[in-house]
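In what follows, a single structure is set out as structure tokens and then discussed.
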Amino acid sequence: MKTILVAGGAGYIGSHMVALLVEKGYDVVVADNLCTGHKEAVKGAELCVGDVRDRAFLDKVFTEHRIDGVINFAAFSLVGESVTNPLKYYGNNVAGSQSMLETMVQHGVDKIVFSSTAATYGEPEKQPIEETDRTEPTNPYGASKLAIEGMLKWCSQAYGIKYAALRYFNAAGSNTDVGIGEDHHPESHLIPIVLQVALGKRDHVGIFGEDYPTPDGTCVRDYIHVRDLANAHLLALQYLDKGGESGPFNLGSGDGYSVKEIIETARKVTGHPIPAVVEPRRAGDPSVLIAANRKAAEKLGWKPERGLEEIISDAWTWHKGHPEPTMWPSAWRSVR
Ligand code: UFG
């Protein structure tokens, strides 16, 4: 494998993927419509600006480059927005993946690593969550990703497509070497919000609910460094190339941290008091989401290398260097 197509490579996780592939010496082609991503985040790769739903655009990309494998991050990823506008999510996420798969079949490309999510599980049956557990998404974002997983499974049977659907838990952190990081507009994720308080951009962070059945009453999540996520994608491509069996893989650390623990760790990392105020629960938040990551360890040889302090410290480095959203020439959002 020499040339890798990264769809959505100008977004948060995609740009970290590009940085890793470039570092490892791959030829990287990025396809991105720059609707939520930004071209400045693509470093060391060729950027083809276009929409993956546009078959003519994709056909041109595949004709002009001998693509050996695809990593697909191109998607909308705001859970709340997906509830009010589900057709936007099915229309972009599902149709975009369908168009990508059609083009792959047409050009004889048979390997794809797909950006999926823990939101495919919905309200979990048990902890930690295994890949074989019930998948019953509670929002259209998760449902659109699960629909794509289904499409991948059937395309694998019908056309011999090999796939890994990587179900991310809570991605965070940044690549301080390359100078890329996370900045959503509007911001809804806990770690960036906590760091915005430390930067003085907000007075306080709201803790959404203190009455959950968890040790300190606040929600528990499994935070995973975006660089560890990128590593898993590369291992998944190599696994498929060696003939590994297609399917879903959880990407999480296997450790859970509560909202209060995140705030406390951020206080330690930043040296800032970070005032917090308990607020009502946010609708639709499961109390605990922790990944069982044994399958990724056994099959892909993947092991997360960076813990919570490093995640927050790397995110802090990036946020300090980009105190105003306008420091990115345009807003760019997570593409999970
Ligand atoms: N939280 C707060 N205050 C805030 C923001 C968040 O208390 O200001 C809490 C949330 O209630 C939740 C936790 O912090 O309990 C983490 O919230 P995030 O919004 O950072 O992340 P989520 O776990 O809600 O969502 C993440 C991804 C989604 C994905 C989901 C899969 O952002 O895209 O995991 O489980 F769908």
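One-based numbering, in listed order, for ligands and for the atoms of each. The model shown is predicted, which means the values in this text are computed figures rather than measured ones. Note that these values count all heavy atoms, side chains included, but never hydrogens, waters or copies made by symmetry.
Taking every non-hydrogen atom of Val79 and a distance limit under 4.0 Å, the qualifying atoms of ligand 1 come out as 36 (F). Below 4.0 Å from some heavy atom of Ile207 lie the following atoms of ligand 1, by number and element: 7 (O). Near Tyr141, meaning under 4.0 Å from one of its heavy atoms, ligand 1 places the atoms 33 (O), 36 (F). The distance from ligand 1 to the heavy atoms of Gly206 drops below 4.0 Å at these ligand atoms: 2 (C), 3 (N), 4 (C), 7 (O), 8 (O). For ligand 1, the atoms closer than 4.0 angstrom to any heavy atom of Ser188 are 5 (C), 19 (O). Near Cys219, with a cut-off below 4.0 Å to any heavy atom, the atoms of ligand 1 are 15 (O).
Within the structure, ring pair (Phe, Tyr, Trp, His ring centres under 6.0 Å) pairs that include any residue of residues 79-134 comprise Phe62-His107, Phe76-Tyr89 (at least two apart or interchain).
Across all their heavy atoms, Ala10 and Ser15 have their closest contact at C-CB, 4.5 Å.
Taking the side chain as every heavy atom from C-beta outward, Tyr257 and Thr265 never approach each other to under 4.5 Å. Using a 4.5 Å heavy-atom cutoff, the side chains of Ile112 and Asn72 are in contact.
For Ala292, the side chain to side chain contact (heavy atoms under 4.5 Å, CB included) partners two or more places apart in sequence, or in a different chain, are Pro128, Glu130.
Across Arg282, Arg221, Glu210, heavy-atom proximity to atom 18 (P) of ligand 1 is greatest for Arg282. The option with the heavy atom closest to atom 13 (C) of ligand 1, from among Tyr257, Tyr223, Tyr168, is Tyr223. Relative to atom 6 (C) of ligand 1, the option among Leu190, Thr138, Thr117, Val205 with the closest non-hydrogen atom is Leu190.
At a heavy-atom distance under 4.0 Å, no atom of Thr218 approaches ligand 1.
Residue Leu289 has no nitrogen or oxygen atom sitting less than 3.5 Å from a nitrogen or oxygen atom of ligand 1, judged on distance alone. Residue Val259 has no nitrogen or oxygen atom sitting less than 3.5 Å from a nitrogen or oxygen atom of ligand 1, judged on distance alone.
Taking the six-membered ring for Trp, His233 and Tyr239 have ring centres at least 6.0 Å apart.
Side-chain contact, Glu149 with Ser116: a donor N or O sits under 3.5 Å from an acceptor N or O.
Side chain of Lys145 to main chain of Ser115: a donor-acceptor pair is present (N/O by atom type, distance under 3.5 Å, no hydrogens or angles).
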